[in-house]
Every structure is written in structure tokens, then in C-alpha cells.
Amino acid sequence: MTANRSKPAGLDTLEIKFRQWRAQHKTPDTVIAAHREVILERVVQSMTFEGEPITLTRLKTLLGQ
């Protein structure tokens, strides 16, 4: 039996997306800024998953933002 050394389906698409992301995030500061944009949404999703639903508006209020 010969080993299939070709790339799995979808790997090319992932590589393209990764290269695009790296082009946009060349410095640590741009990576940090990108994470800050979505962190509150991720916290809301996590809390909802844990059975503690909260809205983004409420979370911002609680954090004083």
C-alpha cells in the first residue's frame, strides 16, 4: 500500500486564509488589537455555553465600558 502524500482537501484554502491573516497582522500590536475586538463576544459565547447567558450590552455595562 502506498502512502498518499497529497494535501488533505481544504488545506490549500486554510493556507490561503492563514497567509492573508499574517499579511494583516505583521506585528504583535496588530494581533493584540484583533483579539481585543472580539474578546467580549467570546466571553459572552463562553458564558452562554456554561449556562450563564448574558448579553454583550450587559457585559459592557458590568465592565464599565
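Remember, it's a predicted structure, so these values are computed and weren't measured experimentally.
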Please tabulate, for side-chain N and O atoms in residues 45-55, each donor-acceptor pair with protein atoms closer than 3.5 Å (sequence neighbours left out).
residue : atom : partner : partner atom : Å
Thr48   : OG1  : Val44   : O            : 2.9
Thr55   : OG1  : Arg58   : N            : 3.0

Side chains of residues 17-28: which donor-acceptor pairs under 3.5 Å do they make with residues two or more places apart or in other chains?
residue : atom : partner : partner atom : Å
Trp21   : NE1  : His25   : ND1          : 3.3
His25   : ND1  : Trp21   : O            : 2.8
Thr27   : OG1  : Thr30   : N            : 3.3

Check: residues 31-43 side-chain donor-acceptor pairs under 3.5 Å, at least two apart:
none

